2 protein chains.
Amino acid sequence: MHDADDILDSISGDNDDVRPSPTFAALGADKQERIVAEALDEFAEHGFEGASVNRLVARLVIAKGSIFQYFGTKERLFAYVFERVAGRFAAALRAVRDETKDAHVLARIRASLMAGVAFIDAHPRIYRLYVRVSLQDTMPLRGRLLAEARRQSARYLRRLVTDGLARGELKAGLDVDAGVFFLDALMDRFLLAYAVDFLDAGTGLYRAAPEVLSAKLEALMDLIAGALAARPAKDEKR
Amino acid sequence: MHDADDILDSISGDNDDVRPSPTFAALGADKQERIVAEALDEFAEHGFEGASVNRLVARLVIAKGSIFQYFGTKERLFAYVFERVAGRFAAALRAVRDETKDAHVLARIRASLMAGVAFIDAHPRIYRLYVRVSLQDTMPLRGRLLAEARRQSARYLRRLVTDGLARGELKAGLDVDAGVFFLDALMDRFLLAYAVDFLDAGTGLYRAAPEVLSAKLEALMDLIAGALAARPAKDEKR
DNA sequence: TATGAAAATGACCAGGTGGTCATGACATGC
DNA sequence: GCATGTCATGACCACCTGGTCATTTTCATA
């Protein structure tokens, strides 16, 4: 039914036109990983402008020259780290979407949110970097890097919505664009509120304990269901 | 009806514990305004870290020493500018809320969104500064400055929701916290998508022409109504 | 072990940062 | 006309930035 889109997904997945020097490629995999991890830390903590190469090499106990030998430029270092890391979140969500292919669309949305929370717990720095980049318009590569992420997110949700419509699980007259926007806003903010303290508007979602989190999640799902779901029966949870 | 809250609102409105030196206060009002406006520009454009006092004084054609005589510190300059400017958005919304006191809660939400759009059009730099600060955790005063803004926003929406519930315009069993979160997320994102290019997930909301904007707004209002509104005329649901 | 190339190194560079302060212009009161 | 105090000024400071490059170290091969 939607195999054509799957092909598109996989094509756009790995777009590595930002390559480090062969010298870096020749490094041991562990050392590469250490450099990427530490750089991710630095960028996640201070953003692109605020990040300091001096600080980074001090942490790594490595000569500054080496970084520039590997990447040439702070900007290209950033691009490399970002691209190496950015796809993971989308990939995790895509996996959930595919695993729940036959479930009710509301169950799939719930599963996506839970997967998002799990990802944040497992890779807080990656999510933090993503958040940072999202609104830092001084970032030179922002457009190129983020446009792709956004496009993937929109396509992801659009698929959920059109699937749900096709199965009659969503309101017949539903405007797809509006539905996508609606879900994007709510899901994004839900995860943001979980990950960033002062964004939860006093609802106590920030780093909430599992029981609290799941209560909030159900309350949100009720509202989403009210807005989007067709109403053949009264209750249709997972 | 809810006068007690109004008093609270007005008390928390002007909290100016960040004062410039008397020298600055003695300046002509026009010069003060020019300095604040230009500093707002600089901070909105580059964020707190990225903003340069050198660049600022160059724009103002004023000696650098003067800025430090007025404010002592880049940080205090920022705090002053932010506090002088931050309340305006909230005030604009509050005005709308009070003007529409007797309208249906959905109409009030719609009016709030339109007022938000109008504010962004009128004061793009103020909104931009707000957006910037929202996710820049390097900002030393972030917590203090933003907590207040968030609290006001939450209180604003909470009032709308509880009013709507009291009048039976919203679903009887509605969880107030969830409703506030729901509205906060959608309204915030709607305005963000209108103001910041790459956040609209391909829905074409960014700087949309009035007709497009109003169509998107109505589509969103439909979804909000489905999620929150009581259904007196229409069929089903308990 | 000797050789040569590749890779690591960190002193160094020009330019920018937030912040300081001695200087002098200018107003006011006598 | 002088003394006094306020305030604007911009040269200056220590420090940090991203980036360079001559020099040294490493190491595979002969």
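From a predicted model like this one, the values you see are computed outputs, not experimental measurements. We name chains A, B, ... by the order of the sequence lines, and we start the count at 1 in each one.
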Would you say Tyr70(A) reaches dA8(C)'s phosphate, i.e. side-chain N/O to OP1/OP2 under 4.0 Å?
yes

Glu45(B) with Arg128(B): basic N within carboxylate O range, under 4.0 Å
yes

Atom-to-atom span, CZ of Phe24(B) to P of dC7(D) - whole angstrom:
14 Å

Base, sugar-phosphate, or nothing for Leu27(B), non-hydrogen atoms under 4.0 angstrom?
sugar-phosphate

Length of the line joining Ile67(A):CD1 and dC21(D):P, which is rounded to integer Å:
19 Å

Polar side chain donor-acceptor pair, Asp121(A) to Tyr194(A), under 3.5 angstrom:
yes

If the plane angle is over 60° it's perpendicular, under 30° parallel, otherwise tilted; pick one for Phe78(B) and Phe43(B).
perpendicular

Contact state string [nucleotides 11-28 of chain C, B base, S sugar-phosphate only, - no protein heavy atom under 4.0 Å]
------BBBBB-------

Length of the line joining Phe71(A):CZ and dG18(D):P, which is rounded to integer Å:
15 Å

For Arg207(A), enumerate each residue passing the side chain to side chain contact (heavy atoms under 4.5 Å, CB included) test, keeping only those at least two apart in sequence or located in another chain.
none

On the 0 to 90° scale, with breaks at 30° and 60°, tag the Phe71(A)-Tyr80(A) ring pair as parallel, tilted or perpendicular.
tilted

Whole angstrom value for the distance that separates P of dA8(C) from CD of Gln69(A)
6 Å

Is any side-chain heavy atom of Ile126(A) closer than 4.5 Å to one of Phe82(A)?
no

Quickly work out the Leu60(A) CG to dA8(C) P distance and round it to whole Å.
13 Å

